[in-house]
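Data first, discussion second: the structure below is written as structure tokens.
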Amino acid sequence: MSDTVEAKVTHRFAASPERVYDTFLDPDRVRDWQAAWLRHGGMGGDVTASELNPIVGGTFLFADKREDGEARHWGMFLDLERPTRIAFTWIVDESEEDDPSEVTLIIEPEPDGPGAIATLYHAMDAQWADYVPQTEKGWQAMLEGLDSVL
């Protein structure tokens, strides 16, 4: 990606940064927050695949049923720094595999409380600039879904 655009969303959690981080990466909890993410995004929550290997270099695959067929999202973990940072590639089509977008989730302690503030950045090729609002809406739904299972 030579020219990029960035989607950015922020969410406050009542849970600690450690709980947010661990729930995001817990293979046993991913299906729960993935289904909640889809419901928050108005997509029903019918998860068809939920696989992840939460190590640097490990991969993940999320898939769900949509009106127009199955949506698949996959990638690889680039950086894992518990409890503050999760970075990964994000691919939704095979044509993106050689030049995937990158997502970084920064989790910080709430300054005045026991919770956490998560900010998610999604850097993608500038050709997708028109999709930034839609992308932000999707990631906001994901953070809300994660929050609902905490």
Side-chain angles (χ1 to χ4, degrees), residues 1-13 15 17 19-27 29-45 47-66 68-110 115-150:
M1 290 183 294
S2 55
D3 291 327
T4 62
V5 294
E6 183 176 80
K8 177 184 173 185
V9 297
T10 300
H11 186 81
R12 291 187 185 294
F13 291 90
R19 282 193 58 217
V20 173
Y21 181 96
D22 292 346
T23 301
F24 189 90
L25 294 174
D26 182 344
R29 302 289 313 271
V30 168
R31 185 173 285 273
D32 295 337
W33 67 251
Q34 186 182 357
W37 164 21
L38 296 168
R39 287 191 301 274
H40 281 274
M43 294 177 272
V47 176
T48 57
S50 183
E51 305 165 9
L52 83 153
N53 181 14
I55 61 171
V56 173
T59 61
F60 65 88
L61 167 67
F62 304 145
D64 60 88
K65 285 187 181 177
R66 309 253 172 116
D68 56 349
E70 184 179 57
R72 298 171 59 84
H73 310 86
W74 66 95
M76 179 178 63
F77 291 104
L78 302 171
D79 190 20
L80 297 169
E81 298 173 24
R82 185 179 188 269
T84 60
R85 179 180 165 86
I86 301 170
F88 50 94
T89 60
W90 186 255
I91 303 167
V92 297
D93 185 87
E94 290 176 3
S95 65
E96 300 170 352
E97 287 191 338
D98 290 335
D99 192 21
S101 60
E102 293 185 12
V103 177
T104 302
L105 179 63
I106 304 295
I107 308 165
E108 301 172 302
E110 179 87 47
I117 299 171
T119 305
L120 185 142
Y121 303 90
H122 185 158
M124 62 188 107
D125 193 286
Q127 71 176 324
W128 303 111
D130 291 344
Y131 290 89
V132 168
Q134 178 182 340
T135 300
E136 290 175 340
K137 182 180 176 186
W139 286 119
Q140 190 64 51
M142 188 276 294
L143 293 175
E144 291 168 3
L146 181 65
D147 197 9
S148 72
V149 302
L150 285 168

Across all chains, not counting sequence neighbours, the side-chain hydrogen bond (donor to acceptor under 3.5 Å, both in side chains) partners of R82 are D22
Rounded to the nearest 0.5 Å, the CD1 atom of I86 sits from the CG atom of L25 at a distance of 4.0 Å
Heavy-atom count around D98 CG within 6.0 Å, excluding the residue itself: above 12? no
*asked:* Using modelled atom types and a 3.5 Å cut-off, is there a donor and acceptor pairing between side-chain atoms of E136 and backbone atoms of K8?
replied: yes
Residues passing the ring pair (Phe, Tyr, Trp, His ring centres under 6.0 Å) test with Y131, sequence neighbours excluded, are W128
Problem - Main-chain N/O of L150 paired to W33 side chain as donor or acceptor, under 3.5 Å - result: no
T89 side chain to G75 main-chain N or O, any donor-acceptor pair under 3.5 Å?
-> no
So the salt bridge (Lys or Arg N to Asp or Glu O under 4.0 Å) pairs with at least one residue in residues 68-78 (sequence neighbours excluded) are E70-R72
On a heavy-atom basis, the closest approach of P100 and I91 is CB-CG1, 3.6 Å
Salt bridge (charged side-chain N to carboxylate O under 4.0 Å, His left out) filter on E110, not counting sequence neighbours, yields R12
Sorted by chain and residue number, the side-chain hydrogen bond (donor to acceptor under 3.5 Å, both in side chains) partners of W74 (sequence neighbours excluded) come out as E97
Original post:
Can you find a pair of side-chain heavy atoms, one from P83 and one from I107, that are under 4.5 Å apart?
Top reply: no
For S50 and V47, the nearest pair of non-hydrogen atoms, with its separation, is CB-CG1, 4.1 Å
Paired with T10, the side-chain contact (heavy atoms from CB on, under 4.5 Å) test is passed by just one of L120, L143, T119, I106, namely T119
Residue set satisfying side-chain hydrogen bond (donor to acceptor under 3.5 Å, both in side chains) with W139, at least two apart, ordered chain then number -> H122
Open item on the list: I'd like to know if the side chain of T104 and the backbone of Y121 have a donor-acceptor N/O pair within less than 3.5 Å.
Closed with: no
